Amino acid sequence: MSLPDRAPRYAGARHSRRGRLSTRMPAPVECRAVPILPHPTSDFPLRMAKTAVSPTRAENYPEWYQQVVKAADLAENSDVRGCMVIKPWGYAIWEGIQRGLDTRFKETGHENAYFPLFIPMSFLEKEAEHVEGFAKECAVVTHHRLEPDGKGGLQPAPSAKLEEPLIVRPTSETIIGATFARWVQSYRDLPILINQWANVVRWELRTRMFLRTTEFLWQEGHTVHATSDEAVEETRKMLDVYAEFAENVMAMPVIKGEKTAGERFPGAVATYSIEAMMQDRKALQAGTSHFLGQNFAKAQEIKFQSQAGELEFAWTTSWGVSTRLVGGLIMSHADDDGLVCPPRLAPAHVVILPIYKSDEERATVLAYCESLKAELATQSYEGEAIRVKLDDRDIRGGDKKWQWVKRGVPIRVEIGPRDVAGGGAFVGTRIGEKPQGMDRAKLVAEAPAMLAQLQQQMFDRAKQARDDASVVIDSLAEFEAFFADGQPGGLVYAHFTDGPDMEAKCKELKVTPRCIPLEPLLGDDGPGKCLFTGAKSERRAVFARAY
RNA sequence: CGGGCUGUAGCUCAGCUUGGUAGAGCGCUGCGUUCGGGACGCAGAGGCCGGAGGUUCAAAUCCUCUCAGCCCGACCA
């Protein structure tokens, strides 16, 4: 209708950032220096700049993480215990991850399919280790109908009890394996290269947004091969796909490696993972790829007749990444002002924020913004049109700007009457230098390069932080000192023997062997002596506290 | 499942020890002043104080039971 409602409106002050936080924040003395990535945009140490997220990383890292999830509008807790609602901005990031990976899966010959959410309980029982690993955390469906309980509520109808309970998939090896058993008869049917995008449920006791929730979204690849070599190759190939994606798209440096026996997927012969280091120097397993050998094939009778006419068990693999990657993204890049999106994954590359006072100004500024938006969208970045968002919502300018900072949009462009008059734009990047005025044509021309530079900066920054926190250690005393309470921690490369001695010591120090790197990363990769037993050791493993 | 703790307005909480039918800040709505900015003033909407029972003339406040959630541990993408 009339325009008044388009004019900026104003609400009360917003000083209070207290609340429960304040009581949970550690007292100053306890604020031992948690080493955090340098934050190029902060004015520290001249004055304590006001941060958009509180507490800061240094003050209380776990709480900071939660606040970033909230501030960036990524997700919120739901009415269901342990389950989260992924909000549009968070889901858009997940969609970006899906898109990037899905393309790569297709390029490596995989096809998507979909398997049931429910798995007959008996299926899980077939592979002994698998049962062991998952039985404790399964949601079980026992009835198929509700009825009034006579007290105004509902109850599962006793008459509708299932003969065999169904479990909600914690992972789908069993049901997919059973299906594959039907699909595979001849060596000519192989390989089978399938992926599914799905939700899974693991009834974890403690949950954290994105990092560990009861229900989560993921992708699980399942393949069947005629030979062990081929299956191993597939396992490693998909690990490479994950690593390439993590580093190039998410700007998250990762270490590719094999898991020790204790960390292996239940039922796998070998598990490989990509491990990333978060800003609090804890490791995050960001993706896994399993060589399942013939374990599942035998349990589920995935057999084929070979070229020679012999009946053989097939070799299978499985591999997956989950919405946990979003958590990794946050903890790799976010700062005390909220999320920082790597451009290749950012739901919006550029956000345009119009600034005006009167309706008259609004008209001219908006027209200018619209044309700038269109012009920017003609530019391409990474083979696609630059994603531009024009935020014309009727809320306070400062508020609006900070919302986008907190959401981590790589480039912000503020357009006011002065810019319109001078053919310019006021441009700020999420990390890097202070915002500055810029010629409009220059902005359009340089936008792709700016995005590319931000992407690179983010990777370099994360890698630098990881490398700075990585050490080679050759004595148990040093190892213990490194992980002693109050120490900052990090990634330790050390010789080891997989076994009870190592596991006991790690447990004591709350450390885990993250993986045995496939490639020497700190140069020193020769044989040595196990820290825990003194035995001869061929390889080093990476040890760290982990999520 | 052990050990701590919390349930009061949309959010974060105060009030409870010393019972007398409900408060703050933010958010929200309206008007105004501001504004290249996370501003301010005024006015307003919004709660049967987790649930059930008990004590009492009177319960958010005391007692009992119950439900739910959080944190710390053991387990995990």
Side-chain angles (χ1 to χ4, degrees), chain A residues 4-5 7-24 49-54 62-63 66-67 70-71 76-82 132-138 170-171 199-208 210-220 242 259 262-263 265-266 271 273-275 284-290 318-328 337-338 353-358 361 365 395-406 412-420 424-426 428 435-437 507 510 512 546-547:
Chain A
D5 66 325
R9 58 194 162 77
Y10 309 96
R14 57 180 66 231
H15 293 138
S16 175
R17 291 189 187 283
R18 53 196 180 91
R20 182 204 297 263
L21 284 188
S22 52
T23 60
R24 301 196 64 257
K50 183 179 177 185
T51 57
V53 173
S54 136
E63 184 60 32
Q66 308 244 72
Q67 294 304 320
K70 194 167 160 185
E76 63 187 36
N77 277 312
S78 71
D79 297 321
V80 185
R81 178 203 174 95
E132 179 87 10
F134 285 103
K136 291 177 302 232
E137 52 189 32
C138 284
T171 178
N199 57 339
V200 286
V201 166
R202 294 182 188 174
W203 214 266
E204 302 289 352
L205 301 179
R206 287 187 61 198
T207 58
R208 289 190 76 189
F210 289 110
L211 297 174
R212 176 163 300 110
T213 46
T214 300
E215 178 190 15
F216 57 98
L217 305 184
W218 80 347
Q219 147 283 307
E220 49 182 323
Y242 288 152
K259 288 290 191 184
E263 303 284 316
F265 177 76
T271 288
S273 71
I274 51 171
E275 300 283 334
L284 181 80
Q285 177 176 307
T288 50
S289 187
H290 315 292
S318 69
W319 27 274
V321 300
S322 70
T323 36
R324 173 177 252 206
L325 282 177
V326 178
D337 285 330
L353 306 168
I355 293 154
Y356 49 82
K357 292 174 200 159
S358 62
E361 280 182 356
V365 168
I395 57 174
R396 283 193 306 279
D399 221 353
K400 193 192 282 188
K401 169 191 152 184
W402 281 99
Q403 283 183 13
W404 292 111
V405 171
K406 288 185 281 193
R412 290 185 314 278
V413 180
E414 300 172 14
I415 301 291
R418 288 215 290 275
D419 302 301
V420 176
F426 193 70
Q436 54 185 331
K507 187 154 188 160
K510 293 182 187 134
T512 48
Y547 280 97

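Here the structure is a predicted model, which means the values were calculated and not measured. All heavy atoms count here, side chains included; hydrogens, waters and symmetry mates do not. Proteins get letters first, then strands, A, B, ... in listed order; numbering begins at 1 in each.
Without hydrogens or angle criteria, A/Ser273 side chain to A/Glu275 main chain gives no donor-acceptor distance under 3.5 Å. Remark: side-chain polar atoms of A/Glu137 are not paired, donor with acceptor, to backbone N or O of A/Thr214 under 3.5 angstrom.
Note: CG (A/Leu284) to C1' (B/A77) measures 9 Å, nearest angstrom. Summarising the geometry, the separation between CZ on A/Arg208 and C1' on B/G73 is reported as 15 Å, rounded to the nearest angstrom. The nearest whole Å value for the distance from the NZ atom in A/Lys136 to the P atom in B/A77 is 11 Å. Between A/Ile415 atom CD1 and B/G36 atom P there is a gap of 16 Å when expressed in whole angstrom units. For the pair A/Asp399 CG and B/C28 C1', the interatomic distance rounds to 13 Å; values are reported in whole Å.
Side-chain N/O atoms of A/Arg418 include none lying less than 4.0 angstrom from OP1 or OP2 on B/G36. Put simply, A/Lys507 has a side-chain N or O that comes within less than 4.0 Å of OP1 or OP2 on B/C75.
Rounded to whole Å, the separation between the P atoms of B/A68 and B/A52 comes to 16 Å. Comparing the P positions of B/A58 and B/G53 gives an interatomic distance of 15 Å, to the nearest angstrom. For the C1' atom pair drawn from B/U61 and B/G4, the interatomic distance equals 24 Å after rounding to whole Å.
Qualifying ring-ring contact (aromatic ring centres under 6.0 Å, His included) partners for A/Phe134, counting only residues two or more places apart in sequence or in other chains: A/His130, A/Phe265. Remark: A/Asn77 engages A/Met209 in a side chain to side chain contact (heavy atoms under 4.5 Å, CB included) (not counting sequence neighbours).
Counting only heavy atoms from C-beta on, A/Pro417 has its side chain closest to B/G36 among B/G36, B/A77, B/C75. The side chain of A/Arg81 has B/C70 as its nearest neighbour among B/G36, B/C70, B/A77. Comparing B/A74, B/G38, B/G36 against the side chain of A/Asp419 picks out B/G36 as the nearest. Of the candidates B/A77, B/G36, B/G38, the closest approach to any side-chain atom of A/Phe426 belongs to B/G36.
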